[in-house]
Visitor: 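Below is one structure. I have some questions about it.
Residue numbers begin at 1 in each chain, while the letters A, B, ... track the order of the sequences. Reckoned from all heavy atoms, side chains included, excluding hydrogens, waters and symmetry mates.
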Number of protein chains: 2
Amino acid sequence: MATTGNSRRRPTISDIAKAAHVSKTTVSRFINGRTDELSPDLAARVEATIRELDYHPSAVARSLRSHRSYTVGVLVANIATPFGTSIVSGVSERLREAGYTAIVVAADDSAQRQGELADTLLRHQVDGLIVNSATDKDHDLVRLGDRGVPVVLVDRAVEGADFDIALSTYDASMRALVEHLAEQGFARAALFTEPFVEVGPRRDRHEAFCAVDCGAFGSPDPEADVFVVNPWEHETVDAALDELLATTDGPPAIVATNTLTLIGAFNAIQRRGLSMPQDVGLCGPDDWGWAHRMGWDWPESLGPGVTTMVTRPYSMGFAAADLMVTRLAQPERAHETRDIPTDVVFRASTLLGRAQAS
Amino acid sequence: MATTGNSRRRPTISDIAKAAHVSKTTVSRFINGRTDELSPDLAARVEATIRELDYHPSAVARSLRSHRSYTVGVLVANIATPFGTSIVSGVSERLREAGYTAIVVAADDSAQRQGELADTLLRHQVDGLIVNSATDKDHDLVRLGDRGVPVVLVDRAVEGADFDIALSTYDASMRALVEHLAEQGFARAALFTEPFVEVGPRRDRHEAFCAVDCGAFGSPDPEADVFVVNPWEHETVDAALDELLATTDGPPAIVATNTLTLIGAFNAIQRRGLSMPQDVGLCGPDDWGWAHRMGWDWPESLGPGVTTMVTRPYSMGFAAADLMVTRLAQPERAHETRDIPTDVVFRASTLLGRAQAS
DNA sequence: TTGAAAGCGCTACCAC
DNA sequence: GTGGTAGCGCTTTCAA
């Protein structure tokens with residue numbers, strides 16, 4: 001019994017008001033938790049009615065009226081990657097804690113799609129935008145910021161944009177890495193990087209490498225130690241490896257600018273039947289925060305183990321969402337940068353000194 | 001110049017109507033693409049005004065009025081997994097094609113959170129729900145379906161729910177796998193599985209295994225060949241492996257019910273210093289559609305290479321979204337099941353016959 | 001402490 | 001073809 005039975009359409013605030021013999025205002029107050037402004041008996045009556053009719057307030061109507069949706073748009077450059085996924089997880093978790101819902105969309109590394117998606121999100125009245133940008137220069141995004149839309153960046157900076165941002169700087173760990181290579185007795189350090197330098201971290205790592213290359217290896221022209229490869233095309237990686245070996249006197253060490261390139265280089269080394277670290281050293285970033293949380297330490301399983309700089313995308317995402325929550329609460333505060341530290345984990349692939357000793 | 005300059009607040013349809021000297025209705029018709037109902041000159045005027053004022057229609061107001069949000073809720077059991085990610089990618093792509101926006105939320109494998117999130121999504125007036133369920137029995141979800149909310153399931157069925165669903169069945173590939181093990185001369189097939197059988201595919205694979213175990217190995221009691229392990233706790237996997245070896249006369253082969261268990265078993269085999277396939281065979285599902293798209297074939301890199309059943313989460317997601325788009329267009333059509341095929345890729349870890357021959 | 005009424009930005013319906 | 005107007009479900013004054 002008692003099942004009111006019929007009406008297929010979802011009950012509205014008016015239905016509740018009518019059924020509970022109170023005004024819509026009262027119901028509104030109740031569902032917004034301002035129970036202190038209500039007499040206990042009314043509150044109880046409203047609550048019971050809500051239960052009975054299985055009432056769920058419409059977030060849409062609420063947003064329209066209040067101009068707040070408790071929704072944050074999350075624009076991620078590439079979600080098909082553990083790095084992107086981890087960012088999303090971190091963001092979602094923090095937003096959920098704070099009572100916000102994340103609307104996640106993926107730009108598939110396309111600057112154009114990024115623009116369209118930002119548009120879509122804004123139409124949906126998101127309270128703010130958390131952006132892991134597919135591109136270095138997004139003029140529209142900058143304009144949004146000027147227009148007063150709260151924007152927080154993750155991992156990748158955008159030119160000319162003064163936003164809150166959560167990222168990792170790579171100077172310190174890149175320095176540690178390259179100095180380590182020199183100490184281990186490698187003859188030369190080479191940077192393997194993908195062609196596009198449109199994205200921030202890749203460029204940062206590139207620059208950090210060049211800066212350190214001079215000091216540690218006394219390289220007169222660091223750019224000569226940079227090899228552009230496309231991990232999707234084996235031949236380009238093989239060619240770079242061949243050239244590197246042919247032009248180096250003694251074992252060189254490869255530094256990859258991202259995980260994909262690292263794996264690509266690893267595969268090339270295997271194809272050539274070379275052994276690490278004796279013939280060639282290998283190291284690069286471990287952007288895959290996810291792997292560790294899955295209990296699987298991939299750099300450990302790759303050949304003899306690969307030396308990596310560990311980034312923490314989950315933490316970046318979490319920090320970014322935290323920045324957003326803070327800004328939403330205090331729109332006028334100064335922009336803040338959160339630097340999520342990265343560490344270097346040394347493994348067999350670069351331990352040339354030890355390998356030679358034994 | 002010409003920048004209208006001032007008003008910070010976003011223009012509304014009324015602003016456009018006023019500025020273009022037309023009615024709101026006309027503007028509405030234009031932004032909804034019903035240009036055939038408009039005289040070309042009016043359309044042009046409206047378009048120009050929209051450009052000039054940088055007008056973006058409010059999806060919120062539109063949803064409130066029209067009861068359609070062009071938004072689909074995507075509830076994924078665990079997004080921190082390549083499997084979940086791939087589903088999301090597939091779903092998002094198909095939805096975007098069809099003009100819908102995906103609102104993705106992750107349940108972190110919690111049935112309770114799944115319920116809460118479904119709630120949140122419905123408050124936001126999503127037109128439908130695509131669910132990769134964290135649990136086998138979700139009574140609330142079934143109720144939603146009864147209430148007329150369009151629901152499509154991905155990969156995991158829900159008890160008592162008659163919904164559209166996109167999944168993979170495992171009978172055929174499990175049969176191929178186990179028969180292959182028998183042919184290769186393994187003495188026994190053993191299923192390594194995680195404790196909870198709440199989720200569909202794991203249970204399906206379990207059942208498929210038992211059915212095939214009798215036939216291929218003539219096992220009188222297939223359940224005796226099932227070992228429950230927890231991949232997160234090494235000891236449980238080690239213990240299962242030890243017991244398996246102690247109670248089998250000749251090399252046994254392990255079949256894992258999911259990728260995590262497969263990796264766990266692999267690690268245990270390494271810890272015991274056993275070699276594959278001579279001492280023990282190993283195979284299981286490759287749920288990580290993502291890895292292949294990244295250009296990295298992980299089962300190939302694990303030891304001598306691991307035999308896997310390849311599932312296609314991206315395709316499942318895509319198919320699920322397609323089902324949703326179809327249902328939204330034709331709410332009354334019969335429920336449909338899409339079976340995404342899985343294949344078995346044979347690698348060294350189970351090629352006992354070949355290993356012994358050489 | 002409670003309620004009446006206006007209105008958020010848009011679409012649907014009905015007139016012209 | 002075009003426009004006026006009511007109203008989607010809620011919050012927000014303001015008045016009682």
Visitor: Using C1' atoms of five pairs at each end, report the bend of the helix from C/dT1-D/dA16 to C/dC16-D/dG1 rounded to 10 degrees.
Guide: 30°
Visitor: Do the side-chain N or O atoms of A/T26 get closer than 4.0 angstrom to the phosphate oxygens (OP1, OP2) of C/dG3?
Guide: yes
Visitor: Whole-Å distance between D/dC10 C1' and A/I50 CD1?
Guide: 13 Å
Visitor: Considering only heavy atoms from C-beta outward, does the side chain of B/F30 approach that of B/I50 to under 4.5 Å?
Guide: yes
Visitor: Can you measure B/R45 atom CZ to D/dG1 atom C1' for me and round it to whole angstrom units?
Guide: 13 Å
Visitor: How does protein contact run along nucleotides 10-16 of chain C, one letter per nucleotide 5' to 3', with B for base contact, S for sugar-phosphate only, - for none, heavy atoms under 4.0 Å?
Guide: BBBB---
Visitor: To the nearest Å, how far apart are B/R68 CZ and D/dC8 C1'?
Guide: 16 Å
Visitor: Taking atom P of D/dG4 as reference, at what distance in whole Å does atom NE2 of B/H21 sit?
Guide: 13 Å
Visitor: Give, ordered by number, those residues of residues 117-126 of chain A having at least one heavy-atom distance below 4.0 Å to an atom of DNA chain D; if nothing qualifies, reply none.
Guide: none
Visitor: Please give me the minimum heavy-atom distance between B/V154 and B/G317, naming the atom from each residue.
Guide: CG1-N, 4.2 Å
Visitor: If you assign each of A/D41 and B/L64 to its closest nucleotide in DNA chain C, which residue comes earlier from the 5' end?
Guide: A/D41
Visitor: Check the pair B/D108, B/S110 against side chain to side chain donor-acceptor pair (under 3.5 Å), reporting the backbone distance first and the verdict last.
Guide: CA-CA 5 Å; B/D108 296 339; B/S110 147; over 6 Å; no
Visitor: Mark yes when over 12 heavy atoms from residues, nucleotides or ligands other than A/Y70 sit less than 6.0 Å from its OH; otherwise mark no.
Guide: no
Visitor: Once you round it to whole Å, what is the distance between P of D/dT2 and CG of B/L38?
Guide: 6 Å
Visitor: Quick one: B/D15 CG to C/dC8 P, roughly how many Å, whole number?
Guide: 11 Å
Visitor: Using whole Å, what does the distance between atom P of nucleotide C/dT2 and atom CG of A/D36 come to?
Guide: 12 Å
Visitor: With a 6.0 Å cut-off (strictly less than), is the heavy-atom count around OH of A/Y100, excluding the residue itself, greater than 12?
Guide: yes
Visitor: Inspect the surroundings of NE2 in B/H139 and state if more than 12 heavy atoms from other residues, nucleotides or ligands are less than 6.0 Å away.
Guide: no
Visitor: Applying salt bridge (charged side-chain N to carboxylate O under 4.0 Å, His left out), run through A/R113 and A/E116 and close with a yes or a no.
Guide: CA-CA 5 Å; A/R113 184 166 301 175; A/E116 298 165 3; 5.0 Å; no
Visitor: Provide, to the nearest angstrom, the distance between the CZ atom belonging to A/F30 and the C1' atom belonging to C/dT1.
Guide: 16 Å
Visitor: Scan B/V60 against the nucleic acid and name what it touches under 4.0 Å (heavy atoms): base, sugar-phosphate only, or nothing.
Guide: nothing
